[in-house]
K.L.:
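Quick one: this structure, given as structure tokens, is what I'll be asking you about.
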Amino acid sequence: MVAENYRKVEKRVQEACLRSGRKREEVTLIAVSKTKPVSMIREAMDAGAEVFGENKVQELCEKYEELPKSLRWHMIGHLQRNKVKYVVDKAELIHSVDSLRLAEEISKEAVKKQVEANILIEVNVAEEESKFGVHAKDVEELVRKAAILPNLHIRGLMTIAPFVEDAEENRPVFQELRKLAVDIKLKNIDNVDMSVLSMGMTGDYEVAIEEGATMVRVGTGIFGERNYAV
Ligand SMILES: *Cc1c(COP(=O)(O)O)cnc(C)c1O
């Protein structure tokens, strides 16, 4: 089932790229495997998945140890500072940086472990109270302060769009994140590149691609519903 789902999502990613005049290589499909067993990750891997997203440090570390080192891991969930040390050398990209204190901790641990950490700034575009992420108006200040930290590289922006019935409702959210990235890019801040736009999940990844996403994070569409009760 996972392999078939993965191929279906991959096809829709390709079609969305085609529709919007983009190259397939411009968009990374991240298979969000949180709560799912390694057996399912292997199925996705066999279908062609290479990049996996997790939102819990411990789970990411366990799967990292158990699965082939050829897989690439992204930390997409809220990250506590005391757990940074466990993921900084395992996640090739941390999507969820929303404070200077967190960026400082990532930098500190990256220096200690002699690795280069790549991060995205998480933006709460829709300003939902329940969400993590910085408000759009505060992004530039955070970017400027984080940009000077050693062994840390800002690659772009990430957002979690609201849960909506109709994906079209999130189009303005994606447009706004893109606009924000363009505005920051124009400021030419040293050590900041705004090439990554991580936006779009199972319900709205095609709209996100049409609006410029370079990474989409798809969980349910590939692995099925998550059951948090067990
Ligand atoms: C769980 C999660 C996803 C995937 O959500 P689906 O709707 O299952 O595709 C994407 N991004 C983040 C940050 C998540 O926590």
Side-chain angles (χ1 to χ4, degrees), residues 1-13 16 27-37 40-41 43-44 47 49-61 63 72-80 83-84 87 90-99 102 106 118-134 155-171 173-174 177 196-230:
M1 183 197 78
V2 172
E4 193 184 317
N5 288 345
Y6 184 81
R7 281 186 215 105
K8 275 187 198 151
V9 172
E10 169 56 35
K11 185 155 178 279
R12 287 171 63 176
V13 167
V27 181
T28 302
L29 171 56
I30 301 170
V32 177
S33 47
K34 63 189 187 197
T35 80
K36 300 296 180 182
M40 289 176 96
I41 296 179
E43 279 183 63
E50 294 169 345
V51 187
F52 293 86
E54 289 285 339
N55 70 339
K56 293 215 161 58
V57 168
Q58 192 184 342
E59 199 176 336
L60 188 153
C61 292
K63 288 170 174 172
R72 291 149 54 195
W73 297 94
H74 286 202
M75 177 63 197
I76 61 172
H78 183 64
L79 181 55
Q80 287 168 313
K83 296 199 174 150
V84 166
V87 282
K90 299 186 182 71
E92 71 172 20
L93 186 64
I94 297 171
H95 290 232
S96 41
V97 177
D98 62 356
S99 72
L102 177 58
I106 294 169
N118 294 299
I119 67 161
L120 304 179
I121 303 298
E122 178 171 352
V123 188
N124 185 354
V125 176
E127 305 203 356
E128 291 180 285
E129 290 211 10
S130 59
K131 292 267 169 73
F132 293 109
V134 290
R155 301 298 186 199
L157 305 178
M158 177 271 220
T159 196
I160 302 175
F163 181 78
V164 290
E165 288 296 326
D166 177 3
E168 282 300 327
E169 289 177 53
N170 278 336
R171 194 179 289 277
V173 173
F174 300 141
L177 192 73
V196 175
L197 276 181
S198 170
M199 56 189 196
M201 310 182 6
T202 294
D204 53 21
Y205 65 92
E206 291 160 285
V207 174
I209 290 170
E210 288 167 11
E211 295 304 332
T214 68
M215 290 184 184
V216 290
R217 311 177 305 264
V218 180
T220 312
I222 294 171
F223 296 103
E225 295 287 337
R226 288 176 293 273
N227 184 356
Y228 288 105
V230 291

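Keep in mind that what you see is a predicted model, and the values were worked out from it rather than measured. In listed order, ligands and their atoms are each counted from 1.
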K.L.:
Pick whichever of Lys56, Arg217, Glu225 has a heavy atom sitting closest to atom 11 (N) of ligand 1.
P.N.:
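Comparing heavy atoms across Lys56, Arg217, Glu225, the nearest one to atom 11 (N) of ligand 1 lies in Arg217.
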K.L.:
Using distance alone, decide if ligand 1 has a nitrogen or oxygen within less than 3.5 Å of any nitrogen or oxygen in Gly219.
P.N.:
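Yes, since at least one N or O of Gly219 sits under 3.5 Å from an N or O of ligand 1.
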K.L.:
Would you find more than 12 non-hydrogen atoms of other residues, nucleotides or ligands less than 6.0 Å from Glu4 atom CD?
P.N.:
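It does not: Glu4 CD has 12 such atoms or fewer within range.
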K.L.:
Pairs of nitrogen or oxygen atoms closer than 3.5 Å, one from Arg226 and one from ligand 1: do any exist?
P.N.:
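N/O-N/O distance under 3.5 Å: yes.
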K.L.:
Going by the atom numbers of ligand 1, which of them fall below 4.0 Å from some non-hydrogen atom of Lys34?
P.N.:
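Near Lys34, meaning under 4.0 Å from one of its heavy atoms, ligand 1 has 1 (C), 2 (C), 3 (C), 14 (C), 15 (O).
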K.L.:
Pick one of side chain, backbone, both or neither for how His95 approaches ligand 1, counting any non-hydrogen atom pair under 4.0 Å.
P.N.:
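Answer for His95: neither.
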K.L.:
Go through ligand 1 atom by atom and flag the ones less than 4.0 Å from a non-hydrogen atom of Val218.
P.N.:
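That gives atoms 9 (O) of ligand 1.
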K.L.:
Assign the ring pair Phe52 / Phe223 to parallel, tilted or perpendicular, where the plane angle (0 to 90°) is split at 30° and 60°.
P.N.:
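Aromatic pair Phe52/Phe223 classed tilted.
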K.L.:
Under a 4.0 angstrom heavy-atom cut-off, which atoms of ligand 1 come close to Thr220?
P.N.:
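Once the distances to Thr220 are compared, the set is 6 (P), 7 (O), 8 (O), 9 (O).
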K.L.:
Looking at CG of Leu120 and OG1 of Thr159, how far apart are the two atoms once the value is rounded to the nearest 0.5 Å?
P.N.:
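It is 11.5 Å, given to the nearest 0.5 Å.
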K.L.:
Just wondering, more than 12 heavy atoms not from Lys83 lying within 6.0 Å of its NZ?
P.N.:
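At most 12 heavy atoms, drawn from other residues, nucleotides or ligands, come within 6.0 Å of this atom.
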K.L.:
Among Arg217, Met201, Met215, which residue meets the side chain to side chain contact (heavy atoms under 4.5 Å, CB included) test with Ile76?
P.N.:
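The residue from Arg217, Met201, Met215 that satisfies side chain to side chain contact (heavy atoms under 4.5 Å, CB included) with Ile76 turns out to be Arg217.
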K.L.:
Note the single closest protein heavy atom to atom 5 (O) of ligand 1, along with its residue, its atom name and the distance in Å.
P.N.:
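Checked against all protein heavy atoms, atom 5 (O) of ligand 1 sits closest to Met201 CE, 3.5 Å.
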K.L.:
Where is the nearest protein heavy atom to atom 6 (P) of ligand 1: which residue, which atom, and how far?
P.N.:
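Minimum-distance protein heavy atom for atom 6 (P) of ligand 1 reads Thr202 OG1, 3.4 Å.
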K.L.:
Under a 4.0 Å threshold between the charged nitrogen and the carboxylate oxygen, would Lys131 count as salt-bridged to Glu122?
P.N.:
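Looking at Glu122 and Lys131, the cut-off is not met.
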K.L.:
Give me the nearest non-hydrogen protein atom to atom 12 (C) of ligand 1 as residue plus atom name, then the distance to 0.1 Å.
P.N.:
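Ranked first by proximity to atom 12 (C) of ligand 1 is Ile76 CD1, 3.5 Å.
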K.L.:
Do side-chain atoms of Glu59 reach the backbone of Thr35 as a donor and acceptor pair under 3.5 angstrom?
P.N.:
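Such a contact is found between Glu59 side chain and Thr35 backbone.
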